[in-house]
A.B. asks: 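Before I ask anything, here is the structure I am working with.
Proteins come first, then strands; the chains are lettered A, B, ... in the order of their sequence lines, and each starts at number 1.
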Amino acid sequence: MTGQRPKGLIPVQAKRHGRGILLLAFGLLFFASSVFAAGETNIVQTVSPPADSIKFLFYLLLAVVGAIFLIVEGALIYCMVRFRKREGDESEPPQIYGSKPVEIAWTVAPALIVFVLFLVVLRSIVQIRKVDVPEDALRVVVTGHQWWWEFHYPELGVTTANELHVPIGDDENERAVFLDLQSVDVIHSFWVPQLSGKMDVVPGRTNLLWFATKQPGLYRGQCAEYCGTQHANMLLRVVAESPEEFERWAAQQAKPAVDDPKVAAGRQLFMSLACMNCHTIKGTPANGTFAPDLTHLMSRQTLASGMVENNPKNLRDWVDNPQSIKPGCLMPSFQLSSKQLDDLVAYLETLH
Amino acid sequence: MATTVAVPEMTDKSPRRSSLLEWVTTVDHKRIGIMYLLAALFFLVCAGTEAALMRIQLWKARFDFLEPDTFNQLFTMHGTTMVFFVGMPILVGFGNFLVPLMIGARDMAFPRMNAFGLWMFILGGLLTYYSFLQGGAPDVGWFAYAPLTSATFSRGMSTDYWILGLMTSGLGTLSGGINFIATILTMRAPGMTFGRMPLFIWMMLVDAVLIVIAFPPLTAAQTMLLLDRQLGAHFFDPQQGGSAVLWQHLFWFFGHPEVYILILPAFGMISEIIPVFARKVIFGYESVAAATVLIAFIACGVWAHHMFALGLSRTIDIFFSGSTFLIAIPTGIKMFNWIATLYGGKIRFQTPMIFCLGFLAMFLIGGLSGVMLAAVPFDWQASDTYFVVAHFHYVLFGGTLFGIFGGFYYWFPKMSGRLMNETLGKWNFWLLMIGFNLTFFPMHISGLMGMPRRIYTYDPELGVDIWNQLSTIGVLVQAAAFIVFAVNLIGSLRSGERSGDDPWDAWTLEWLTTSPPPAYNFEVIPAVRSRRPLWDLKHPEDPDWEHE
Amino acid sequence: MNHAAALSAHAESPHHDQHALGGWTPLKVGMASFLFSEAALFATLIVAYLKFLGQDDGGPTPEVLNVGRELVAVILLLVSSITVQFASRDLARGRCTSCTVGVILTFILTVGFLIVTGLEWRELIAVDGLTINRNLFGSSFYTLFGFHLGHVLAGCVMLLIMMGIAFSGSLNARSSPGMEAIAWYWHFVNGVSVTLFLVVYVITR
Ligand code: HEA
Ligand code: HEA
Ligand code: CUA
Ligand SMILES: [Cu+2]
């Protein structure tokens with residue numbers, strides 16, 4: 001009959017779906033984690049406290065929203081199936097205008113959920129965003145450039161590019177690494193998912209980011225804020241190694257460049273072409289700061305912020321025509337003769 | 001049981017074909033509305049094609065299909081177009097067509113200003129696209145972060161086109177917003193109190209208020225940027241003490257309300273359509289309306305959730321995390337009210353309705369991923385990755401666009417006097433549903449696997465090839481859906497079944513007049529006594545006003 | 001259309017709600033919303049001004065501003081608010097001539113404001129060397145006051161149009177709502193001017 005209007009509550013049949021929903025939510029979780037097991041650069045393969053903490057938060061969020069998803073989608077599908085129009089039934093259903101108690105219930109329940117989430121978030125923020133730097137932390141000044149990274153260790157007098165070396169810690173000594181993030185041009189964002197969340201690198205301010213790991217290895221990351229043409233290839237690597245290896249690496253990096261008389265021709269070229277205006281090679285007149293420090297170029301695994309492997313062929317191709325490898329990058333091509341190239345590359349290859 | 005009232009059959013007095021000139025010079029809100037829709041559909045094809053090109057480039061790691069600069073222009077233009085020249089104009093177009101009809105008025109408050117708004121939007125769109133011919137489209141992203149937009153880092157004119165195009169169309173939008181407010185506040189039919197306005201009208205009103213609040217700050221910020229670029233001012237230039245952070249505050253103070261500007265009218269549409277096809281009055285009218293107001297209010301205080309990774313202070317992060325969480329509550333209220341409207345109904349699964357059900361199912365996913373992003377530490381991982389891209393396509397496509405499709409199928413008869421084809425409609429829906437999920441669901445995964453957004457290529461080591469391939473295939477399915485829609489639209493316009501005045505047996509005033517309505521809408525301005533005047537008319541034995 | 005009639009027939013009292021907002025005509029509501037958006041615009045610019053206050057390493061500071069002169073400018077505008085109000089009221093009462101006088105007076109006062117502002121800017125540029133690209137203070141000062149100036153100029157155009165109507169002899173009560181809208185706009189612009197004066201010349205200087 002038209003116009004029936006049951007007063008009060010809508011007749012909700014309370015059934016116990018709780019356990020099923022929980023099960024499904026965990027299923028979802030399981031699916032998610034198995035998917036991620038495939039890649040290595042992802043937010044659940046964590047090796048550092050900030051990332052661990054976020055991973056925990058992620059699973060919690062996934063479980064909560066997964067459960068809400070199942071309940072709401074379930075209710076929707078239930079209504080669609082149960083209350084579809086039957087063949088030949090042209091009458092109007094009872095008109096129900098609303099119900100205070102029900103509406104209050106579905107206002108309060110989400111409010112409680114988000115309140116709890118908010119508390120968890122609060123704790124997590126305070127854990128992760130540290131404001132005081134412990135005395136024994138390793139400090140690195142990270143400078144974002146269009147489209148490469150500069151790493152400067154003020155205490156060690158080391159400057160390098162694109163590959164950040166850090167010592168691992170152990171149970172006694174965490175060996176936290178604190179990064180001071182700066183930019184000389186536009187906004188970038190420092191992101192190595194396995195170590196921590198991202199933090200923007202903003203011109204005109206210094207941001208702080210930290211991580212610590214006990215697991216030696218290579219961790220990949222990349223610039224995560226759009227910063228122009230080659231944003232996609234502003235990759236970065238973090239090499240976590242034992243304290244001894246790290247000390248050795250740092251000592252080597254602190255030295256000035258090798259001066260091998262056999263490649264004097266190449267060295268001469270480097271200083272006479274424009275190279276020295278942009279690049280620094282310690283112990284030589286080259287002290288440009290616009291481009292990566294090349295003093296220990298050969299100690300790096302990659303060229304041009306992770307674009308290509310650092311091997312003689314790639315190095316030669318790069319110096320020959322950087323634009324063909326990284327179109328739009330800020331190093332020009334110099335139209336060098338084959339001989340000049342050979343000399344130059346021979347010189348660069350001595351920079352261990 | 002009088003479900004139908006004897007409707008005097010509309011004799012086919014189909015008005016003579018009107019000339020193009022009549023359309024171009026019109027100040028009739030219905031024609032303006034329709035022109036908004038058509039222009040926006042044109043831009044939808046542009047922006048969709050841009051997206052398809054991007055998806056091809058992302059087919060596999062280190063794929064060589066587009067130059068990096070081209071790719072960067074594509075996502076900038078795609079985002080800008082979808083937000084400013086597709087989403088908003090379609091919603092404003094529906095608003096234009098429907099608001100006077102639904103409130104029982106003869107036109108908008110300022111018909112000429114209305115036409116002005118339309119042409120400003122079209123001009124702004126064309127101006128922005130003109131940049132393609134002038135040596136390159138903007139390539140700074142749709143939110144154009146400083147200082148990438150400064151004269152130093154963005155040479156040439158592309159960014160200026162972006163500024164001027166958006167300012168121009170923004171002026172049109174603003175005038176539209178003012179027009180809606182004036183129309184809705186002062187021109188309702190006798191008896192239509194605030195408590196009796198259709199929910200679509202409520203949402204358009206709130207939407208217009210958001211427009212009036214949010215657009216001027218954007219205009220101000222863009223002016224400052226223009227002064228930086230053209231006259232050497234220093235607002236956003238950190239080298240000279242300016243602030244890159246200020247731009248983000250100003251942009252997102254606009255940008256966040258903007259995304260709600262893009263969803264509220266869609267909320268309004270489904271609030272009209274769902275009851276009609278469930279054959280039930282909306283459940284909890286008051287709380288849906290109140291929740292809308294609450295959403296708009298909160299929406300003005302959450303903008304910095306786009307800036308969690310910027311390194312603002314902990315206190316700021318915590319505040320904006322909390323305020324963002326709050327938005328889930330009123331949105332949830334609406335969600336539950338819509339589902340409760342289905343409960344106990346007799347649901348007719350016609351095309352407008354299935355799009356609304358698709359809306360409910362898909363928007364939920366986008367809303368929930370939004371709540372995850374509001375959890376600051378999680379956002380530190382997910383921000384600027386494809387997870388965010390997935391989030392906003394679920395709300396913008398799964399929400400706004402699904403609502404718009406529902407609206408097209410629902411009001412097309414009113415606009416044209418003809419029904420759209422149901423079979424094609426169902427094909428349209430299912431192809432879109434499948435294509436959409438195939439495109440955007442995998443993005444959650446690739447994002448969490450470490451794929452940042454706005455990259456023209458990626459490293460094979462990332463291991464996200466497969467997810468990108470799924471996304472790219474999805475676009476093909478979506479394109480098929482859009483083609484089905486186009487065929488349906490054009491075919492139905494020519495030879496669709498005649499709809500009569502009230503094909504869905506609906507309840508709001510627009511169904512009272514003929515399809516298409518005469519220029520003056522109503523011969524006699526109707527007076528109303530309830531939220532569903534046509535229900536009252538059809539059920540004199542049991543009118544609504546006895547129950548509200 | 002008999003449905004509409006049918007609906008009207010059983011509404012409690014037809015025509016009771018069309019003007020639900022008392023005297024609020026569409027024009028007034030439209031104007032109010034417009035002014036609201038303008039307020040948002042100026043608020044944004046003021047925020048930018050305050051944000052950059054004292055951030056400069058070099059160049060002129062707000063010290064160079066001439067408070068006395070700006071006060072004169074603001075007072076000129078404030079008085080013009082009164083004259084425009086009279087003009088609008090007179091027109092509403094059908095007194096076209098005195099309305100015309102009011103409009104002309106308003107215009108003259110505004111020209112006075114423009115002259116004083118011109119003097120102020122001339123000194124800032126020529127003597128103090130403050131330009132929009134000199135430093136942050138220059139950028140934000142000129143943007144803020146430039147926007148205000150643009151609004152004053154737009155108001156001048158409106159006044160000129162009213163004068164044109166008056167001199168062509170077609171001023172009558174039908175123009176009254178328009179005149180009232182102009183008056184509202186004018187009060188708003190002058191309110192902004194007072195706000196800017198207080199913020200820039202008094203509180204933060
Ligand atoms: C239609 C547009 C739209 C809508 C409606 C939303 C809705 C929401 N958005 Fe989204 N968002 C965008 C469009 C939109 N967003 C866009 C375009 C961007 C990216 C811009 C760019 O960077 O380019 C973005 C980015 C974005 C970010 C920044 C991410 C980043 O860049 O790092 C965040 C973070 O908080 C966020 C959060 C939210 C939240 C919490 C909601 C909420 O409103 C969602 C509320 C809905 C629900 C929660 C579902 C229903 C509720 C229930 C069933 C109740 C029960 C639920 C709970 C208790 C949780 N959004
Ligand atoms: C309403 C808003 C809206 C809509 C509907 C869409 C729709 C789509 N979006 Fe969009 N998107 C945004 C708003 C929207 N997007 C925004 C705001 C951004 C951020 C931009 C930025 O970062 O600055 C973005 C960014 C964005 C990205 C990230 C780019 C990057 O970060 O590098 C991607 C990547 O896949 C993408 C894909 C798509 C696809 C495949 C569709 C598809 O659904 C489109 C489907 C439509 C069509 C295909 C057109 C119609 C079809 C035809 C006419 C048939 C013939 C066409 C061909 C196949 C050629 N979008
Ligand atoms: Cu640097 Cu993106
Ligand atoms: Cu937002």
A.B. asks: May I ask you to list the residues in residues 183-205 of chain C that approach chain B closer than 4.5 angstrom, counting heavy atoms only, ordered by number?
C.D. replies: none
A.B. asks: Considering heavy atoms only, which positions within residues 245-252 of chain B lie below 4.5 Å of chain C?
C.D. replies: B/Leu246, B/Leu250
A.B. asks: Tell me, side chain or backbone of B/Leu227 under 4.5 Å from chain C's heavy atoms, or both, or neither?
C.D. replies: side chain
A.B. asks: Can you tell which part of C/Phe34 gets under 4.5 Å to a heavy atom of chain B, answering side chain, backbone, both or neither?
C.D. replies: both
A.B. asks: With rounding to the nearest 0.5 Å, note down the distance linking CD in B/Gln240 to CG in C/Leu136.
C.D. replies: 8.0 Å
A.B. asks: Which bit of C/Asn135 comes within less than 4.5 Å of chain B, counting heavy atoms only: side chain, backbone, both or neither?
C.D. replies: backbone
A.B. asks: Between B/Ala233 and C/Asn133, which heavy-atom pair has the shortest distance, and what is it?
C.D. replies: N-CB, 4.3 Å
A.B. asks: Which answer fits B/Ser243, side chain, backbone, both or neither, if we ask what part of it has an atom under 4.5 Å from a heavy atom of chain C?
C.D. replies: both
A.B. asks: Determine the minimum heavy-atom distance between B/Phe235 and C/Phe52, stating which atoms define it.
C.D. replies: O-CZ, 3.1 Å
A.B. asks: Before giving the answer on side chain to side chain contact (heavy atoms under 4.5 Å, CB included), spell out for C/Val29 and B/Ile181 the whole-Å C-alpha distance, their side-chain angles and the decisive distance to 0.1 Å.
C.D. replies: CA-CA 7 Å; C/Val29 174; B/Ile181 296 179; 3.9 Å; yes
A.B. asks: Supply the atom-to-atom distance B/Ile178 CD1 to C/Phe36 CZ, rounded to the nearest 0.5 angstrom.
C.D. replies: 11.0 Å
A.B. asks: Under 4.5 Å heavy-atom distance to chain C, tell me which part of B/Ile103 shows up: side chain, backbone, both or neither.
C.D. replies: neither
A.B. asks: Who among C/Ala43, C/Ala32, C/Ala39, C/Ala40 has the most heavy-atom pairs with chain B under 4.5 Å?
C.D. replies: C/Ala40
A.B. asks: Residues of residues 106-117 of chain B under 4.5 Å from chain C (heavy atom pairs)?
C.D. replies: B/Ala109, B/Phe110
A.B. asks: Do you know which of B/Asp237, B/Thr223, B/Asn179 has the most heavy-atom pairs under 4.5 Å to chain C?
C.D. replies: B/Thr223
A.B. asks: Which of the residues B/Gly232, B/Ala221, B/Ala214 is involved in the greatest number of heavy-atom pairs with chain C at under 4.5 angstrom?
C.D. replies: B/Gly232
A.B. asks: Using only non-hydrogen atoms and a strict under-4.5 angstrom cutoff, which residues of residues 137-153 of chain C touch chain B?
C.D. replies: C/Ser139, C/Ser140, C/Thr143, C/Phe147
